[in-house]
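Computed from heavy atoms alone, side chains included, the values below leave out hydrogens, waters and symmetry copies. Letters A, B, ... are given to chains in the order of the sequence lines, protein chains preceding strands, and every chain is numbered from 1.
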2 protein chains.
Amino acid sequence: MTANLAIDLDRSSPVPLYFQVAEQIAEAIRRGDLAPGSRLDNEILLADKLGLSRPTIRQAIQYLVDKGLLVRKRGVGTQVVHGQVKRSVELTSLYDDLRRAGQEPATQVLVLEPRPVLEEIAAILGVPAGSEILYLERLRFAAGEPLAVLHNWLPIGLAKLTAADLEGRGLYELLRGAGVRMRVANQRIGARAATQAEARLLEERRGAPLLTMLRTTYDDQGRAVEHGSHVYRASHYSLEVTLIER
Amino acid sequence: MTANLAIDLDRSSPVPLYFQVAEQIAEAIRRGDLAPGSRLDNEILLADKLGLSRPTIRQAIQYLVDKGLLVRKRGVGTQVVHGQVKRSVELTSLYDDLRRAGQEPATQVLVLEPRPVLEEIAAILGVPAGSEILYLERLRFAAGEPLAVLHNWLPIGLAKLTAADLEGRGLYELLRGAGVRMRVANQRIGARAATQAEARLLEERRGAPLLTMLRTTYDDQGRAVEHGSHVYRASHYSLEVTLIER
DNA sequence: CTGACTCGTTTGTCAGGACATTCTGACCTG
DNA sequence: CAGGTCAGAATGTCCTGACAAACGAGTCAG
């Protein structure tokens, strides 16, 4: 049963060993070399085969368990999960998601300017009331059709954003490129009817159902780096979320 | 700066030491003894103080980092996150969420019976086509108002569910009580306009925006244990999701 | 005054070992 | 034949020890 998957390690690489192991196991699962339900070698044997210690192997397996690819049970072993595994949730923007899905996203920047911060937004982002923040409003297209209206507020000085940048890439990619390390995001997802203005932008009728998302993203140190209020055409888009209970 | 938080350990308890440590740190954060942004003692010192080894302390801290309560940075230390920390996402049902929010949920069971499985559902749940599964349809109230229409499909024999049980508790609680260990859930969240039938049940107008959720839940071993198709009144409910990037 | 460099601090990675707990399946008993 | 019992196997927890890598601050040279 235990497919003898070949894993080669590069001890001179800066990539941690546990990560090299995890990636190659994940790749084997994706390729189908490790069938769903099949059992992995036990940790000690695996460690022995690869010339690594058990903690390192455990760390690799734990990483994949957290991502939902593997399942461990005491006294039994480690198995590849049965169900088709969806990509675990990641901190990506709509743009990245669409490009991965081959949808050819396009962006039209409607507003990009500093504005006095609204009291409500100041509280969320933790900036002093009365200061200025960057306000951003975009219209997002996929496959030539309007898909969403995106409103964002960002602390000033976080990154130099130009309209040209924003039309070619997603906001998250640009922030990451500027050294912002996002770690936690809070999302509130709801629905409501489209206003006249929204309907016009999205080529829907007034009152058409829209999916709404409020998101606040925090960095490394828990500082808010972005707050967004987005509306999506429900007829063209839905959100996917995967929950994993530890 | 380092608040000398008192942590007492019970080595005779079956609760793992790392978990005892994690819980008490989390409690200190909730109480406010550990202010947001404050630094914890470094791992070695902490281990020394508590008479534990560094890996154990690391495991405790890692657990809290995964939950989004703490932030680690190499060469710097471990800090309590700044932003208000929301409870991390868990595999709970609407019922549990509402009860936690003090909303006094109520349930009316509309249908509870075995039915021949639809081809589409059979594929999702991984049961043979043509077999029977349990079909469940409920109307959920909160604070006396209708909130959602819930449709569920479950493999037969998973748990003995009665209408009486379901009116007093959430589905997830009942499943857990029956020994089902849910681990992964895939959710697709969208929106659409209410049909006439839905509008009548939910006391909305036809065409009112509804939040829709398709969810498939898998257990321990990756077997599907539940599939649900739910619609919520957008005017009364929204979903909250927290993402944490490792 | 500014920029590069060094150094101490702290977390990240890895090794190897020991015992506890839990699950499965085979065996035995009533 | 049904049920409980026990042994083997696997992961869970915890320990000690060591070195590497990254960060921040202070220092020194230009």
**Q.** Interatomic distance, Asn42(B) CG vs dT9(C) P [rounded to whole Å]
**A.** 10 Å
Q.
Rounded to whole Å, how long is the line connecting atom CG of Leu45(B) with atom C1' of dT11(C)?
A. 14 Å
Q.
I'd like to check the side chain to side chain donor-acceptor pair (under 3.5 Å) partners of Asp165(A); sequence neighbours left out, ordered by chain and number.
A. Thr162(A)
Q. Want to settle it: does Gly77(B) or Pro14(B) sit nearer the 5' end of DNA chain C, counting the closest nucleotide to each?
A. Gly77(B)
Q) Which whole-number value in Å describes the distance from Leu40(B) CG to dT9(C) P? A) 19 Å
**Q.** With Ile156(A) via side chain to side chain contact (heavy atoms under 4.5 Å, CB included) - residues at least two apart
**A.** Pro114(A), Glu132(A)
Q. What is the distance from CG of Asp41(B) to P of dT9(C), rounded to the nearest Å?
A. 15 Å
Q | Closest contact, heavy atoms only, Ala224(B) versus Pro155(B) | A | O-CG, 3.9 Å
Q. With sequence neighbours left out, what residues match Arg138(B) under side chain to side chain contact (heavy atoms under 4.5 Å, CB included)?
A. Thr107(B), Val109(B), Leu136(B), Arg140(B), Leu150(B), Asn152(B), Leu166(B), Leu171(B)
Q. Taking side chain as C-beta onward, heavy atoms only, is Ser38(B) less than 4.5 Å from Gln79(B)?
A. no
Can you give me the N/O atom pairs linking the protein to nucleotides 12-15 of chain D at distances under 3.5 Å, or say none if there are none?
residue, atom, partner, partner atom, Å
dG12(D), OP2, Arg58(A), NH1, 2.7
dG12(D), OP2, Arg58(A), NH2, 3.0
dG12(D), OP2, Arg72(A), NE, 3.2
dG12(D), OP2, Arg72(A), NH1, 3.3
dG12(D), O4', Arg74(A), NE, 3.0
dG12(D), O4', Arg74(A), NH2, 2.9
dG12(D), O3', Arg74(A), NH2, 3.4
dG12(D), N7, Arg54(A), NH2, 3.0
dG12(D), O6, Arg54(A), NH1, 3.3
dC14(D), OP1, Leu17(B), N, 2.4
dC14(D), OP2, Leu17(B), N, 3.3
dC14(D), OP2, Tyr18(B), N, 3.2
dC15(D), OP1, Arg11(B), NH2, 2.9
dC15(D), OP2, Ser53(B), N, 3.1
dC15(D), OP2, Ser53(B), OG, 3.0
dC15(D), OP2, Thr56(B), OG1, 2.5

**Q.** Partner residues of His227(A) under the ring pair (Phe, Tyr, Trp, His ring centres under 6.0 Å) criterion, sequence neighbours left out
**A.** Trp153(A)
Q) Looking at Arg72(A) and Glu43(A), does any basic side-chain N land under 4.0 Å from a carboxylate oxygen? A) yes
Q: Check the distance between dA10(D)'s P and Leu46(A)'s CG and give it to me in whole angstrom.
A: 12 Å
Q. Are Tyr172(B) and Glu226(B) close enough that a side-chain donor and a side-chain acceptor fall under 3.5 Å?
A. yes
Q) Nearest-Å distance, CD1 (Ile44(A)) to P (dA15(C))? A) 15 Å
**Q.** Consecutive Watson-Crick or G-U pairs in runs of at least 3, all under 3.5 Å, in which DNA chain D is involved
**A.** C:1-30 with D:1-30
